[in-house]
Amino acid sequence: MTLRTIAAVGAGKVARAGLHALGRGGTALPGLVTLAVDPDLIGHLSARLAHGAVLVSGTNGKTTTSRMLAEIARSAGRTPVHNRTGSNLERGIAAALLADADAAGRPRGDVGIFEVDEASIPRVVARLEPRVVLVTNLFRDQLDRYFEVDQLARRIADAFARLPAATTLVLNADDPLVARLGERHAGPVLFFGIDDASVGGKVPQSISDATHCPRCGARLAYTRVVLAHVGDWRCPACGLARPARDVAAARVVLAPDRTRLELTGAGALVEVPLGGLYNAYNALAAVAVARALAIDDATVGRALAAFRPPFGRLEVVEADGRRLRIVLVKNPAGFNAAIGALLERGGRHRILAALNDRDADGRDVSWIWDADFEALAPAVERAVVTGLRARDLALRLKYAGVRAADLEVVDGWREALRHAIDMAAPGGEVTVLTTYTAMLALRGALSDMGYVGRFWED
Amino acid sequence: MDLRVCHIYPDLMCIYGDRGNVIALTQRARWRGIDAEVRELHEGEALEPEWADLYFFGGGQDLGQDVVSRDLQGPNGAALRRALASGAAVLSVCGGYQLLGREYVPAEGPSIAGLGALDVTTRAGKVRFVGNLLAEAPQGTLIGFENHSGYTYLGPAARPLARVIVGHGNNGQDKTEGAVQGRIVGTYCHGSVLPKNPWLADMLLLWALERRHDAVRLEPLDDAMELAAQRSAAEVARTRP
């Protein structure tokens with residue numbers, strides 16, 4: 001431990017205490033302060049974690065999967081250090097390590113579970129030596145920030161080529177962009193995927209980012225498409241194909257609020273109290289990472305069975321006898337997966353949709369035109385639309401076929417929530433589809449209205 | 001009356017919500033009682049130059065543009081040129097706009113030939129232009145989101161679609177945005193461009209319908225929501241460029 005790191009820990013702790021005194025959550029600023037004093041801090045602090053650090057990255061599923069992993073680590077008797085409020089840039093990791101360390105910079109936890117923004121992977125792996133790195137999937141997301149997903153994949157693969165052989169990569173075999181990321185990695189790679197032939201359709205969805213071979217550019221052939229470009233893929237021209245799965249679901253059983261996975265091999269059964277196919281992938285990824293950490297499937301099964309979703313990931317908030325089911329949607333693939341889960345429930349739904357265009361949401365809101373609102377529209381009974389770009393979203397719903405009479409634009413978070421709660425009958429439910437900063441604002445408004453606590457108290 | 005739209009290279013050249021342009025064209029036709037049919041053309045399939053009234057050609061990632069540019073060097077390029085010469089309309093966005101031009105000159109290596117349907121040339125630029133793009137056309141406001149590193153320069157046969165107010169447009173220098181030449185439109189506006197700029201959608205619809213129908217008149221639609229979205233996006237461009 002260098003003096004510089006100790007000074008950085010001190011400076012960060014002062015910033016954190018100051019923010020809490022002001023009544024602010026403070027998930028990133030203390031990290032920024034700390035990194036300004038010691039840029040190598042996350043390397044120094046994470047090197048002291050007895051069971052090493054796990055990085056969880058990918059476009060969708062980071063927050064849910066890393067929460068699953070934190071629960072699994074706890075079930076296995078370990079103490080996770082976790083950037084749990086979804087602050088997933090380098091500074092968020094620094095803040096989590098900082099909050100966990102004592103004044104001398106010694107960690108209290110013994111395993112790091114760090115959610116990492118996919119564009120930050122190269123920077124973060126240059127700073128710390130992870131024991132495991134998981135990539136869940138790569139979809140187009142906030143392209144104004146990341147530019148193109150092909151380019152992003154190349155940068156991640158370059159970063160993985162520089163990882164030590166002691167690092168295990170855990171990759172989604174079903175995503176052609178992700179499956180290739182470990183080709184130049186010197187250490188072990190574990191692949192996970194869904195092998196259930198009854199899951200998925202035949203045609204890649206229109207939002208697909210990788211229907212062409214990442215190696216030779218030819219059109220990929222799919223025997224099964226699960227989500228967007230994720231599925232059972234193969235390149236007829238150069239022969240590149242979905243790699244053999246180390247962790248796979250032989251059968252996936254979906255219920256509205258529950259997903260059951262029968263794993264191949266040992267035949268273990270994993271059940272997670274979350275609906276949606278994407279949560280099947282999140283659970284599989286968690287199982288694979290747990291194996292890389294030498295945690296047995298039975299422990300994993302216990303932890304997942306008791307899992308509670310994080311805020312905005314299908315969390316339900318009670319308000320005046322109505323249930324608000326909050327779903328974070330950040331990109332077309334996430335949106336389609338979320339509405340897929342909604343449509344599986346059947347019936348018609350009341351929707352509160354919130355679209356912001358802050359940096360963390362993506363300043364370019366064009367992604368809403370790639371999302372399959374056409375599939376959602378027939379199932380919309382009424383929609384309230386809000387956010388900085390509410391009018392773009394209202395227009396999207398109009399062109400998807402929602403009647404103007406069933407569509408209401410409401411400015412102001414509290415006002416929009418009020419309208420949304422009032423449009424449901426007592427005992428009824430409203431699905432809240434929201435981008436990231438709009439979710440934080442809605443959470444703040446729900447807290448002001450007395451329906452939930454402050455988010456950093458999660 | 002019916003409308004035929006061909007969405008070319010939809011899986012390679014369609015990013016940043018470009019798909020919304022096809023949705024806007026077909027919905028605005030159907031709301032007026034005009035049947036609309038959309039066909040997709042993938043690389044390797046043969047383009048039938050007689051069929052479509054309107055082609056949509058969106059933007060792509062590097063890999064997509066390479067594949068498409070190769071496909072257009074072959075018979076499909078000649079077929080598309082024939083289709084345009086016989087009066088079909090085109091909306092091209094970003095990469096599609098560049099590929100309809102004369103050539104693309106990369107930072108290094110030989111230049112890539114375009115279709116030559118638009119009198120424009122594109123050179124790789126050092127700075128990528130990313131942000132809200134607000135421009136003014138004679139017919140109305142043009143709002144979108146640009147994200148490109150190619151700088152496009154207009155030749156004498158093409159005229160600019162609009163004049164830049166906020167953002168960079170064609171090249172960040174001459175304040176021009178997009179190009180129009182006959183019934184071919186090119187623009188750097190993703191967004192999608194047509195839903196929030198209904199005048200442009202209707203201009204293209206009219207051109208497309210005139211290919212096979214006489215005395216076409218488009219009934220006015222209630223564009224209150226379109227214009228509200230346009231105004232709020234223009235406000236974002238002005239205050240948070």
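Note: hydrogens, waters and symmetry copies are ignored here, and every other heavy atom, side chains too, is used. Here is the naming used below: chain letters follow the sequence lines, and residue numbers restart at 1 for every chain. Keep in mind it's a predicted model, so treat the numbers as computed, not measured.
Under the 3.5 Å distance criterion, the side-chain polar atoms of S366(A) are matched with a main-chain donor or acceptor of Y16(B).
For E43(B), the part lying under 4.5 angstrom from a heavy atom of chain A is the side chain only. Using a 4.5 Å cut-off between heavy atoms, R240(B) touches chain A through backbone and side chain atoms alike. N132(B) touches chain A through backbone and side chain together, each having a heavy atom under 4.5 Å away. For S192(B), the parts sitting under 4.5 Å from any heavy atom of chain A are the backbone and the side chain alike.
Scanning both residues, L395(A) and A229(B), for their nearest heavy atoms gives CD2-CB, 3.9 Å. Here the closest non-hydrogen pair linking D372(A) and R19(B) is CA-NH2, 4.3 Å. Taking each heavy atom of R363(A) and V130(B) in turn, the nearest pair found is NH1-O, 4.3 Å. Residue A233(B) comes nearest to R389(A) through the heavy atom pair CB-NH2, 3.4 Å, listed as atom of the first residue, atom of the second, then distance.
Considering CG of D18(B) and CH2 of W369(A), their distance stands at 12.0 Å, rounded to 0.5 Å.
With a 4.5 Å cut-off on side-chain heavy atoms, Y399(A) and E226(B) count as touching. Between D357(A) and V236(B) the shortest side-chain heavy-atom distance falls below 4.5 Å. Looking only at side-chain heavy atoms (C-beta outward), L227(B) and R391(A) stay at 4.5 Å or farther from each other.
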Please lay out, stage by stage, how M225(B) and L407(A) fare under the test side chain to side chain contact (heavy atoms under 4.5 Å, CB included). CA-CA 11 Å; M225(B) 283 178 76; L407(A) 195 57; 3.6 Å; yes
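Heavy-atom neighbours of chain A within the stretch residues 27-35 of chain B, taken at a separation under 4.5 angstrom, comprise Q27(B), R28(B), W31(B).
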